[in-house]
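Got a structure for you, questions after.
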Amino acid sequence: MSNIDHDDDGLAVYRLALATQTPENSLSKQEKRTELRSRFLNVLEYLKTNQTISPIELDFHRESSLIAARCLSIDSNFSQILVQDLKTYIGHMPTALIHQTIAAALKERTPFVYIDSCLIQSINENDEQYEGCLCTLNDTCTNCSCSNRFGLNYNSLNCLNINKNGPIFECNSECHCLFENCQNRISQKEDQSKNVEIISTSNKGYGVIIKKPILYPGTYIGEYIGEILSENEAHNRILLTKNYEHNYLLLYNEYQSEKIIKTFIDARYYGNWTRFINHSCNPNLHIVPIRIDQPTPPHLAFFTLREIQANEELSYSYGTTIDEKYSKPCCCSTSSCTGFMPYQQTDLN
Ligand SMILES: C[S@@+](CC[C@H](N)C(=O)[O-])C[C@H]1O[C@@H](n2cnc3c(N)ncnc32)[C@H](O)[C@@H]1O
């Protein structure tokens with residue numbers, strides 16, 4: 001089965017098919033995975049093309065999540081990703097986040113679907129699920145096989161450990177620890193969305209300010225959420241959107257001995273509030289890649305670089321390369337401003 005059937009009820013035929021068809025036992029593990037994956041990609045595709053979601057569709061969305069959860073017994077690593085795909089909340093930007101004077105204009109000028117975890121189109125089949133720790137439910141995971149893999153990740157204030165100099169592995173879906181007690185899941189817990197506001201800036205479009213001060217460097221702010229694109233898809237997106245005023249495609253390069261891991265996240269059509277964070281030549285945030293279940297794609301998490309005052313605009317550096325031919329003028333207004341926004345010279349351009 002590969003297509004969603006539409007009828008009067010919207011999704012009844014497809015729902016029935018999902019409920020009655022479980023993968024045959026005779027199918028190989030790989031075939032089951034392929035079968036399950038194609039079903040759930042259909043659901044995602046359907047949700048993506050239908051921006052207003054009816055109660056029936058929401059029900060369906062929930063049902064599908066349950067089915068995916070049941071499939072955990074087939075392959076926990078794989079089903080974990082499906083559940084993550086399906087539990088992605090597809091809705092609209094929470095109004096509390098937006099300064100009320102710009103709410104209507106923002107919806108009209110920059111429509112996008114608000115999601116709270118990345119949309120992953122294709123799984124890297126070679127990626128293995130990381131092993132979990134064997135901590136007990138009372139453990140805080142401040143010294144477990146995940147938190148200590150490359151030196152302690154977080155300090156007693158739940159901030160990034162300043163002396164940390166290696167990749168960050170947080171506890172994952174295979175771990176035995178209790179989510180509430182675990183202190184090695186900082187990026188999986190609450191972000192700062194309740195403490196930010198989307199505002200209109202004078203010369204950079206929209207931006208994000210923090211409402212209450214943040215004292216400590218290394219405080220978790222949020223994750224850059226959007227569609228994870230392949231290099232080819234990213235290339236096409238760039239061509240399609242090159243005349244648009246704002247760019248939401250983030251390319252994150254990780255240099256690992258001989259290879260470069262490139263992560264492309266586009267928050268233009270699907271994203272969360274972090275898509276509004278502007279560039280600064282003297283930023284107060286930086287991006288840290290975090291591994292949870294699999295090596296790729298990493299979770300791109302924002303952490304503070306220093307203390308941030310109430311009402312200060314949040315910013316990070318979009319890169320280091322300036323090319324006066326391609327770079328747009330920078331309006332960050334800091335004393336260290338180079339005058340140009342960074343330009344990522346890649347083979348995409
Ligand atoms: C990820 S979006 C940030 C949100 C955007 N300002 C908006 O209104 O939706 C990146 C775009 O914001 C604008 N921008 C971000 N930082 C800027 C800066 N320092 N100077 C000028 N424009 C900036 C550029 O148009 C850039 O392509």
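Counting starts at 1 for both ligands and their atoms, following the listed order. Because the structure is predicted, anything quoted here is derived from the model rather than measured.
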Fill in: Any side-chain heavy-atom pair of Arg291 and Pro167 under 4.5 Å
no

Item to complete: Using a 4.0 Å heavy-atom cut-off, say whether Pro329 meets ligand 1 through its side chain, its backbone, both or neither.
Response: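 Only the backbone of Pro329 comes within reach of ligand 1.
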
Fill in: Proximity winner for atom 20 (N) of ligand 1, if only heavy atoms of Ala267, Cys332, Gly226, Cys331 are counted
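Nearest heavy atom to atom 20 (N) of ligand 1 lies in Cys331.
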
Discussion item. Could you work out, for atom 7 (C) of ligand 1, the closest of Tyr318, Tyr248, Phe340 by heavy-atom distance?
Written reply: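 Residue with the shortest heavy-atom distance to the ligand atom: Tyr248.
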
Practice prompt. State whether the shortest distance between N or O atoms of Ser280 and N or O atoms of ligand 1 falls below 3.5 angstrom.
Written response: no

Discussion item. Regarding Asp191 and Ser193, do their side chains bring together a donor and an acceptor under 3.5 Å, going by distance alone?
Written reply: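 On atom types as modelled, these side chains qualify, holding a pair under 3.5 Å.
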
Worksheet item: Considering only heavy atoms, does Thr201 approach ligand 1 within less than 4.0 Å through its side chain, its backbone, both, or neither?
Response: neither

Worksheet item: Less than 3.5 Å between some nitrogen or oxygen of Asn247 and one of ligand 1, yes or no?
Response: yes

Discussion item. Please classify the Met341 to ligand 1 contact at 4.0 Å (heavy-atom distances, strictly less than): side chain, backbone, both or neither.
Written reply: side chain

Worksheet item: Do the numbers put Lys164 on top of the ring of Tyr154, so that NZ or CZ is under 6.0 Å from the six-membered ring centre and no more than 45° off the axis?
Response: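 Here Lys164 fails the 6.0 Å and 45° test against Tyr154.
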
Discussion item. Under the rule for ring-ring contact (aromatic ring centres under 6.0 Å, His included), what residues qualify as partners of Phe150, not counting sequence neighbours?
Written reply: Phe169

Fill in: Per-residue contact class, Arg275 against ligand 1 - non-hydrogen pairs under 4.0 Å
backbone

Fill in: Glu245: numbered ligand 1 atoms lying under 4.0 Å from its heavy atoms
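Going through ligand 1 atom by atom, the ones under 4.0 Å from Glu245 are 25 (O).
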
Item to complete: Could you tell me which residues satisfy side-chain hydrogen bond (donor to acceptor under 3.5 Å, both in side chains) with Glu131, sequence neighbours excluded, listed by chain and number?
Response: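 So Glu131 forms no side-chain hydrogen bond (donor to acceptor under 3.5 Å, both in side chains) with any residue.
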
Worksheet entry | Name of the residue among Cys332, Ser336, Ser315 meeting side chain to side chain contact (heavy atoms under 4.5 Å, CB included) with Asn282 |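 Between Asn282 and the candidates, side chain to side chain contact (heavy atoms under 4.5 Å, CB included) is satisfied uniquely by Ser336.
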
Practice prompt. Would you mind listing which atoms of ligand 1 come within a distance below 4.0 Å of any non-hydrogen atom of Cys330?
Written response: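 With Cys330 as reference, the close atoms of ligand 1 come out as 19 (N), 20 (N).
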
Discussion item. Please check whether Tyr224 reaches ligand 1 - meaning an N/O of the residue sits under 3.5 Å from an N/O of the ligand, judged on distance alone.
Written reply: no

Discussion item. Just to verify, which of Asn272, Leu300, Ile225 counts as forming a side chain to side chain contact (heavy atoms under 4.5 Å, CB included) with Cys118?
Written reply: Ile225

Worksheet item: Which ligand 1 atoms are under 4.0 Å away from a heavy-atom of Lys328?
Response: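 Reading through ligand 1 atom by atom, the close ones are 24 (C), 25 (O), 27 (O).
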
Worksheet item: Side-chain contact, heavy-atom cut-off 4.5 Å: Ser173 with Gln129?
Response: yes

Worksheet item: Is NZ or CZ of Arg237 both nearer than 6.0 Å to the six-membered ring centre of Phe264 and within 45° of the ring axis?
Response: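 Judged by the rule, Arg237 and Phe264 form no cation-pi pair.
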
Worksheet entry | Ile277 neighbourhood, listing ligand 1 atoms whose heavy-atom distance to it stays under 4.0 Å |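 Ligand 1 atoms under the 4.0 Å threshold to Ile277: 3 (C).
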
